[in-house]
2 protein chains.
Amino acid sequence: MPRAGLSPDAVVGLALQIVDDDGPGSLTLAKVAGRAGVATPSLYKHVGSLAALRRAVATVAVRELTAAASAATVGRSGPDAVRALGRAWRDYALAHPGRYAATQIGPDPDDPADAERREAAAESVAVAAAALRAFGLPDDGLVDAVRAARSAIHGFVTLELGGGFRMPQDVDRSFETLLDMVTAGIASLGDAAGPHPHPKEKA
Amino acid sequence: MPRAGLSPDAVVGLALQIVDDDGPGSLTLAKVAGRAGVATPSLYKHVGSLAALRRAVATVAVRELTAAASAATVGRSGPDAVRALGRAWRDYALAHPGRYAATQIGPDPDDPADAERREAAAESVAVAAAALRAFGLPDDGLVDAVRAARSAIHGFVTLELGGGFRMPQDVDRSFETLLDMVTAGIASLGDAAGPHPHPKEKA
DNA sequence: AAGCCAAGCTAATAGGATTAGCTTACTGGC
DNA sequence: GCCAGTAAGCTAATCCTATTAGCTTGGCTT
């Protein structure tokens, strides 16, 4: 009975492979154990639960995504930075659909390992904020603009990955159009009278 | 042993309740059976499988969403229509988070019941396209614009529902900013030279 | 060489999906 | 009003998966 030489990181590594291969929905402790050459319960020596393993996978994905976004925007600013950020984001998602999907798993406030994920997520928001700085938005409108840009990119990628674009048109071109919309839209935000004055006004 | 008087629709109705209450992830045949006052295997007389039930729920949600979008845009056009559409979309998602999440379940090409869902989805795209018509986009850019607008709205709602907005700022106001970005961005699409000429050009 | 600890293992429990085969409540035709 | 057929339920059984408990032992430390 030789040792398999597992470790928490090794287990997460196997989980990442499975998520890459079959999507996050089919990540299972039994499958991980199979790849590790170990009985399923043995994994509990390295991870707390299936849910914790899923969160660990999400953390890795968020970190990688943040790193890619950060790398893509160094030395750029304004529309150029936004476009580079958007492309890097989508490229990562297309290269690792399973990991990107894992990104959407809700964090557990009690899991200390999830603090890391929050940090990484916050950092990616900071990267986006930096990219938008050159648009000269009013201070209290920056958060709104970051949210809008994130929403657009994330939404596109999510729909693309989920097979939501069924028309035959070129998806790459659509994404460039989205970037056009985002950059132009955000630029126009600065021109207007500042932050939006009427949240949810009814007709 | 009295009859419970189930039917496929009744089962889907119970499933919708569960999805509303606990989210689509915790939809389980056992839970449905519990609410129906019936043994789990009995459900197979009405649905093909858990996956099929999930898809049925998704179909209902897509239909409702399409109806809401359609109702919100009658008699409006241009930016006004886009804003109304966006608000209706978000309102539905906030009112029925579970159903909205169910919307993202991938369809099964072999399930005839999923053809319906495709139809409804296509109709919602048509509603969006109609809303954008007044922007005077070039014909072959319309699909790109619809995708961009959908992406932005869907992305915002997804992030909001997933707890992705952690800053204290008002989310309603951010959504209005998103709508500003979308309407201004799409308007500017028409001004430019038509469809985007350089899909994915490398730096 | 003794011993400790962590990494594995097996056994057992608890849910959940799904299939097979039985029973029986309604429903239509006579 | 009776009778057969169908469809709605049921129980039993199988197969997965997660998770817990408690045992065993490899490999390093002293």
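Just so it is clear, the model here is predicted, and its values are computed rather than measured. Below, chains carry the letters A, B, ... as their sequence lines are ordered, and counting in each starts from 1.
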- For D/dA18, does either OP1 or OP2 sit under 4.0 Å from a side-chain N or O belonging to A/Thr28? yes

- Could you pick out which residue, A/Pro41 or A/Ser7, lies toward the 5' side of DNA chain C when each is mapped onto its nearest nucleotide? A/Ser7

- Query: Going by number, which of residues 44-58 of chain A have a non-hydrogen atom under 4.0 Å from DNA chain C?
  - Reply: A/Lys45, A/His46

- Taking C/dG8, D/dT17, D/dC10 as options, the one with an atom nearest any side-chain atom of B/Val38 is D/dC10

- Can you tell me how far P of D/dA18 sits from CG of A/Leu43, to the nearest Å? 9 Å

- Query: Which pair of non-hydrogen atoms, one from A/Ile153 and one from A/Gly86, has the smallest distance, and what is that distance?
  - Reply: CD1-CA, 3.7 Å

- Query: Nearest-Å distance, NZ (A/Lys31) to P (D/dT17)?
  - Reply: 8 Å

- Message: Does the plane of the ring in B/Trp89 sit parallel, tilted or perpendicular to the ring in B/Tyr100? Use 30° and 60° as the thresholds.
- Response: perpendicular

- Query: Going by heavy atoms closer than 4.0 Å, what residues in residues 10-25 of chain A are next to DNA chain C?
  - Reply: none

- Not counting sequence neighbours, which residues clear side chain to side chain contact (heavy atoms under 4.5 Å, CB included) with A/Arg117? List them please. A/Arg55, A/Ala58, A/Thr59, A/Val62, A/Ile105, A/Pro107, A/Asp114

- Item | Closest approach of A/Ala30 to A/Thr40 (non-hydrogen atoms, all atoms of both residues) | CA-OG1, 3.7 Å

- When you look at B/Arg83 and B/Asp180, which way does the salt bridge (charged side-chain N to carboxylate O under 4.0 Å, His left out) test go after all the steps? CA-CA 8 Å; B/Arg83 301 191 87 92; B/Asp180 293 341; 2.9 Å; yes

- Message: Quick check with a 6.0 Å cut-off and a 45 degree axis cone: is B/Arg87 positioned over the face of B/Phe175's six-membered ring?
- Response: no

- Query: Do B/Glu123 and B/Arg63 sit within salt-bridge range, that is, some charged N less than 4.0 Å from a carboxylate O?
  - Reply: no

- Query: Which is true for A/Ser42 with a 4.0 Å heavy-atom rule: it touches a base, it touches only sugar-phosphate, or it touches nothing?
  - Reply: base

- So, is the end of the B/Arg90 side chain (NZ or CZ) under 6.0 Å from the ring centre of B/Phe156 and within 45° of the ring's axis? no

- Item | Sugar-phosphate, base or nothing in reach of B/Ala39, heavy atoms under 4.0 Å | base

